[in-house]
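Worth saying up front: this structure is predicted, and the values here are computed from it rather than measured.
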Amino acid sequence: MKGWIMGGVGLAAICLPGVAAAGADRIIAAAREICANYENGVFSQGDALAAVDLDGDGDLDTLIDESRFECSSAASMYCGSGGCMLHAVIDGQAWAFQAEGWRMIDWNGRPILLIARDGGWCGGAGAQICYEAVSWSDGRMMTVMPRP
């Protein structure tokens, strides 16, 4: 298993470059189209997909880390100074986060997605990093971070 600077591996996470839920397929297809539309770029999803149990039900869900995407015609197509998009897909429903990195943690058997955020999300400066903890319960995303 490959360690990621931008991503985390843990809590039974495995990389699945060719497997994705229906929601993940739509996200990958959109990224591929954006790349192709910019000077006929060639897209690679690389190792952007990780299978993890986000909601603790024992079934693997999908995280898509756009920092792992590549487009031959644009070096920074999928990321900006505030990070890259991270998508969490559970049963075809997707949530998106701007992330500087991520890691899965286990808190007494409960999975938590820990997201490194640009400091602007937390009242700081962009170069500062803060963290958002996200969990899922009864089909809902749970966090104390205010949503815009």
Side-chain angles (χ1 to χ4, degrees), residues 1-38 41-107 109-122 126 129-148:
M1 187 177 316
K2 182 176 182 179
W4 295 345
I5 293 171
M6 289 295 293
V9 290
L11 198 67
I14 56 174
C15 298
L16 296 176
V19 179
D25 289 340
R26 289 189 298 272
I27 292 165
I28 299 292
R32 177 174 277 112
E33 183 178 348
I34 288 168
C35 177
N37 288 337
Y38 186 75
V42 176
F43 173 78
S44 172
Q45 73 184 35
D47 59 357
L49 301 181
V52 295
D53 183 5
L54 291 167
D55 56 5
D57 68 357
D59 294 329
L60 293 177
D61 306 299
T62 305
L63 284 175
I64 305 164
D65 183 349
E66 289 193 12
S67 74
R68 312 307 292 178
F69 288 173
E70 294 178 5
C71 180
S72 65
S73 58
S76 60
M77 175 74 66
Y78 305 101
C79 300
S81 61
C84 309
M85 294 308 295
L86 174 67
H87 306 271
V89 181
I90 301 173
D91 296 329
Q93 186 175 1
W95 292 264
F97 307 89
Q98 184 180 8
E100 295 280 348
W102 63 273
R103 179 163 298 166
M104 290 298 300
I105 62 173
D106 179 305
W107 189 315
R110 285 177 263 162
I112 297 172
L113 174 60
L114 189 61
I115 304 169
R117 299 286 228 153
D118 173 293
W121 285 93
C122 310
I129 298 293
C130 59
Y131 299 89
E132 179 180 7
V134 181
S135 62
W136 280 265
S137 179
D138 295 322
R140 291 184 37 216
M141 182 191 79
M142 309 286 286
T143 182
V144 296
M145 176 88 158
R147 301 319 281 173

At what distance, to the nearest 0.5 angstrom, does [atom1] of [X] lie from [atom2] of [Y]?
X      : Y      : atom1 : atom2 : value
Leu49  : Asp65  : CG    : CG    : 9.5 Å
Asp25  : Arg32  : CG    : CZ    : 10.0 Å
Ile105 : Leu114 : CD1   : CG    : 5.0 Å
Trp121 : Glu132 : CH2   : CD    : 8.0 Å
Trp95  : Met141 : CH2   : CE    : 8.0 Å
Arg110 : Trp136 : CZ    : CH2   : 15.5 Å

Can you tell me if [X] uses its side chain to pair, donor with acceptor, with the backbone of [Y] under 3.5 Å?
X      : Y      : value
Thr143 : Ala133 : yes
Asp61  : Leu54  : yes
Arg117 : Gln98  : yes

Are the side chains of [X] and [Y] in touch, meaning some heavy atoms are under 4.5 Å apart?
X      : Y      : value
Met104 : Leu113 : yes
Ile34  : Phe43  : no
Trp102 : Leu63  : yes
Ile112 : Asp106 : no

Could you tell me which non-hydrogen atom of [X] sits nearest to which non-hydrogen atom of [Y], and how far apart they are?
X      : Y      : value
Gly58  : Asp53  : N-OD2, 2.8 Å
Gly56  : Pro111 : N-CG, 3.5 Å
Ser73  : Gly41  : OG-CA, 3.3 Å
Cys130 : Gly119 : SG-CA, 4.4 Å

Using residues 75-90 as the side-chain source, report each donor-acceptor pair under 3.5 Å to any protein atom, sequence neighbours left out, with the distance given to one decimal.
residue : atom : partner : partner atom : Å
Tyr78   : OH   : Ala31   : O            : 2.8
His87   : NE2  : Glu66   : OE2          : 2.7

